[in-house]
Structure formats: structure tokens, C-alpha cells
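Just so we're on the same page: letters track the sequence lines, and every chain starts at 1.
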Number of protein chains: 2
Amino acid sequence: MSNTRYTVAIHVLTLLAYAGPEALTSEYIAGSVNTNPVVIRRILAGLREAGLVRSQGGPGGGWQLLRAPEAVSLLEVLRAVDTEASFPLHATPPNPACPVGRSIQALLAGHFHTAQAAMERELARVSLRDLLEDVKAQPA
Amino acid sequence: MSNTRYTVAIHVLTLLAYAGPEALTSEYIAGSVNTNPVVIRRILAGLREAGLVRSQGGPGGGWQLLRAPEAVSLLEVLRAVDTEASFPLHATPPNPACPVGRSIQALLAGHFHTAQAAMERELARVSLRDLLEDVKAQPA
DNA sequence: TATTTCGAAACCAACTTGGTTACAGATAGG
DNA sequence: CCTATCTGTAACCAAGTTGGTTTCGAAATA
């Protein structure tokens, strides 16, 4: 997870929640994120596959959130953009003739999974509504 | 954290713990990890700066663990190789004229920090000794 | 002194990343 | 049915990262 797509995805979804039922174009969204509309469409395409948003072409079209903001957790967004595992293992398989090399991957996979699960538990506790409320509570 | 250095570092430290007081050369270690000795030296150089290992040149030289295996947690190893933050924020700063763009980074930084702290708490619970015991408990 | 080992720099191919251009297709609305 | 406005997608790019490799100097041992 060494890319910014997760952050951008949360940003965009919060923006859609902020906009309510109104559809936002990728160009408008790109203006808030400060990037290119195609980048936004790429990320939103993944969120659409996950069932979080829908898109509509043509005039007046754009993107809308499909769920209530309180029903979308940061964990769900992570799963939707999930690039892959938190901790990659070896680039090339370790030497199976070595006792450590033989077993280290399975051992680490277990510990890494436990650590990641703890992280995900925290992300599951935060919803788009939480973010939305904090945004609205901001001083102008 | 999208590289394999953390995994390799834990592998190497476990190997050093397995070897006890005996010094292991980067070439021998590379044989277990199945990579190039220079790659091993690069990673061990960082662990030496963190005070976890020491190196010695010349014949009979190599690398040794400086601490008792039970006194080295996976969290400490992570900190020693730490490439950087878990969740990178935006590539370019969001639009400050947008209410969401203005506040999203600070909000996410907080939530990401909480999530990472939970992950680190789990990594802190596992020591090199735990790994060593599991390796030794392996069937031959 | 000869051998072994680390230290460090330089270089490389492969891959990822975010950004950009370009254009086809769909849709709403007059 | 035309036109302006959207999305969808492919293709391309520069920049950065990654793991690996070669090379050579320095230090240490015996």
C-alpha cells in the first residue's frame, strides 16, 4: 500500500457524501482533489465495482454515492481499492534447505495477518459520516 | 511499505538468533534468504545503526545479534528498517478552497495514525524468541 | 603478507505511480 | 435527430522505487 489511491478514494467519497443526491462530474471532483479527471475516473471505477458509487454519462451526469454515509466504513473503502497485502514477503523464495528459510514465510504470514487485522478493526470503526461531520464542524 | 526489506530483516535476525554467538557472513546469510550478499549488507547496515547487530570484517568475521532474542520485538525491527508511513496522503495537496479538500488530510492523518498504532501494538507482542521457538518446533 | 570479510558507490532492468492525451460511446435536452 | 456534455478506456510518459549486480577499497585475521 504505497500509493495514494486509498486517500483519494476516501476524499472523493466524502465529497460525494457532502454533495448529497447531486451528481458530481469527475472534472469537478478533480478540482477538489487537485489532480486529473482521468485519475478520478480510474479510482471511482473501482469503487463502482464495489457497489459504493454509480456513474452516469451525458449532461447533468456524474457520480453519486449509493449508500448512506454512515453505512460506509474506511475498511470497506480499503477493501474496494485494495492494491494488496500490507507486508510483502520475500522477492525470491527463501532457501528450503535452511530451517529458518523453510518456515519463516508461514510464520510471518500469520503474524502479519494478526497485525493487519488489528489495523482493520480500527478502520472499520470510522464511517464516511464521521468524516463528514468533522468536515462540517470545521471553521469556515 | 511496499518492499520486502522488513521481511528479510526479520528473517536475517531470526537466523542470527538461531546461530547464537557465532558470526555469520553476508554470503552465508544470502544463501538462506536466497539473494545477493550486498542486499543483505544493505539491510544489516540499517539494523546496525539501530543497535540490533554488529559487524566485523576479516576472516572469521560476519554479523552477530547484539541483544537477547526475547528483547527484540517485530515492532522494533519495523522501526529499524522503517521506509515510512503506512498510508501516504495525496500526491498533490488538495484544493484549500473546498471544505472537504481543506480538512481531509488532517482528519485522515488522525485516523490512519490510530489504525497504525493498533497494528504496531500487535507487532510489539512478537519477539525474535517467539519466531525462533516456532522455527525449532518445526518438523525436520 | 595473503586471505577473508565488510563498506560503499555505481549501475541496471523491471515495475509502479500519477499524470496526460486522445477518442469512442452514451445520454440528456432542445 | 443533433449537439453539448459526460463517462470509458487505451496508450503513452517521466519520475521514482526496487532488488540485484559488479567493482573496488579498507580493515582485520592469522
Side-chain angles (χ1 to χ4, degrees), chain A residues 1-9 11-12 16 19 22-49 52-66 81-85 87-95, chain B residues 1-9 11-12 16 19 22-49 52-66 81-85 87-95:
Chain A
M1 261 293 295
S2 189
N3 59 50
T4 64
R5 291 200 273 271
Y6 184 37
T7 291
V8 172
H11 178 159
V12 172
L16 290 177
E22 182 189 3
L24 302 182
T25 70
S26 60
E27 187 169 359
Y28 176 89
I29 297 170
S32 170
V33 176
N34 195 16
T35 182
N36 190 288
V38 177
V39 173
I40 297 297
R41 278 183 242 152
R42 272 207 284 247
I43 293 172
L44 279 171
L47 300 179
R48 182 185 45 209
E49 280 178 30
L52 294 179
V53 299
R54 75 186 196 102
S55 65
Q56 170 121 20
W63 300 82
Q64 287 166 304
L65 191 60
L66 276 181
V81 300
D82 207 355
T83 3
E84 78 234 66
F87 297 107
L89 296 177
H90 301 66
T92 58
N95 187 347
Chain B
M1 262 292 296
S2 186
N3 59 51
T4 64
R5 292 199 274 272
Y6 183 38
T7 290
V8 172
H11 178 159
V12 172
L16 291 177
E22 183 188 2
L24 303 183
T25 70
S26 60
E27 187 168 359
Y28 176 88
I29 298 171
S32 170
V33 177
N34 196 15
T35 182
N36 191 288
V38 176
V39 173
I40 298 297
R41 278 183 239 148
R42 272 208 283 249
I43 292 172
L44 280 171
L47 300 180
R48 181 184 47 208
E49 281 177 30
L52 294 179
V53 299
R54 76 186 195 102
S55 64
Q56 171 121 20
W63 300 82
Q64 288 165 305
L65 191 60
L66 277 180
V81 299
D82 205 357
T83 5
E84 78 236 64
F87 298 106
L89 296 177
H90 301 66
T92 57
N95 187 346

Does OP1 or OP2 of C:dT17 have a side-chain N or O of A:Ser2 closer than 4.0 Å? no

Does the side chain of A:Thr92 reach to within under 4.5 Å of the side chain of A:His90, using non-hydrogen atoms? no

Rounding to a whole Å, what distance do you find between A:Arg54:CZ and D:dC6:C1'? 13 Å

Any non-hydrogen side-chain atom of A:Leu16 less than 4.5 Å from a side-chain atom of A:Ile29? yes

Separation of A:Trp63 atom CH2 from D:dC6 atom C1', in whole Å? 11 Å

Non-neighbouring partners of A:Arg48 that pass side-chain contact (heavy atoms from CB on, under 4.5 Å), sequence neighbours left out: A:Ala45, A:Val53, A:Ser55, A:Trp63

I'd like to compare against my own output: the B/S/- annotation of nucleotides 21-30 of chain D with a strict under-4.0 Å heavy-atom distance to protein. BB-----BB-

Between atom OH in B:Tyr28 and atom P in C:dT5, what is the gap in whole Å? 13 Å

Whichever of B:Thr92 and B:Gly62 has the more 5' nearest nucleotide on DNA chain C, that residue is B:Gly62

Nearest heavy-atom pair of B:Ser2 and A:Pro88: which atoms, and what distance? C-CG, 4.0 Å

Just verifying a value: how many Å separate A:Glu27 CD and A:Thr25 OG1, rounded to the nearest 0.5 Å? 5.5 Å

So, is A:Ser55 near the phosphate of D:dG8, with a side-chain N or O under 4.0 Å from OP1 or OP2? yes

Would you give the length of the straight line joining atom CG of A:Leu65 to atom CG of A:Leu52, rounded to the nearest 0.5 angstrom? 7.5 Å

Which pairs of donor and acceptor atoms, one on a side chain in residues 31-41 of chain A, lie under 3.5 Å apart (sequence neighbours left out)?
unit_1: A:Ser32; atom_1: OG; unit_2: A:His11; atom_2: NE2; d: 2.9
unit_1: A:Asn34; atom_1: ND2; unit_2: B:Pro93; atom_2: O; d: 2.8
unit_1: A:Asn36; atom_1: OD1; unit_2: A:Val38; atom_2: N; d: 2.9
unit_1: A:Arg41; atom_1: NE; unit_2: A:Ser26; atom_2: OG; d: 3.1

Rounded to whole Å, how long is the line connecting atom CD of A:Glu27 with atom P of D:dT5? 11 Å

For a quick test of reading the model, state the closest non-hydrogen atom pair linking B:Ala23 to B:Gly60 and the distance between them. CB-O, 4.1 Å

Using atom CG of B:Asn3 as one end and atom P of C:dC15 as the other, report the distance to the nearest whole Å. 17 Å

Would you mind reading off the distance between A:Ile43 atom CD1 and D:dT7 atom C1', rounded to a whole angstrom? 16 Å

How close or far is atom P of D:dG8 from atom CD1 of A:Ile40, stated in whole angstroms? 13 Å

Angle separating the five-pair end axes of the helix from C:dT1-D:dA30 to C:dG30-D:dC1, nearest 10°, is 20°

Contact under 4.0 Å: A:Ser26 side-chain N or O vs D:dT7 OP1/OP2: yes

Taking only residues two or more places apart in sequence or in another chain, which ones pass side chain to side chain donor-acceptor pair (under 3.5 Å) with B:Arg54? B:Gln64

Once you round it to whole Å, what is the distance between P of C:dT27 and CD of A:Gln64? 15 Å

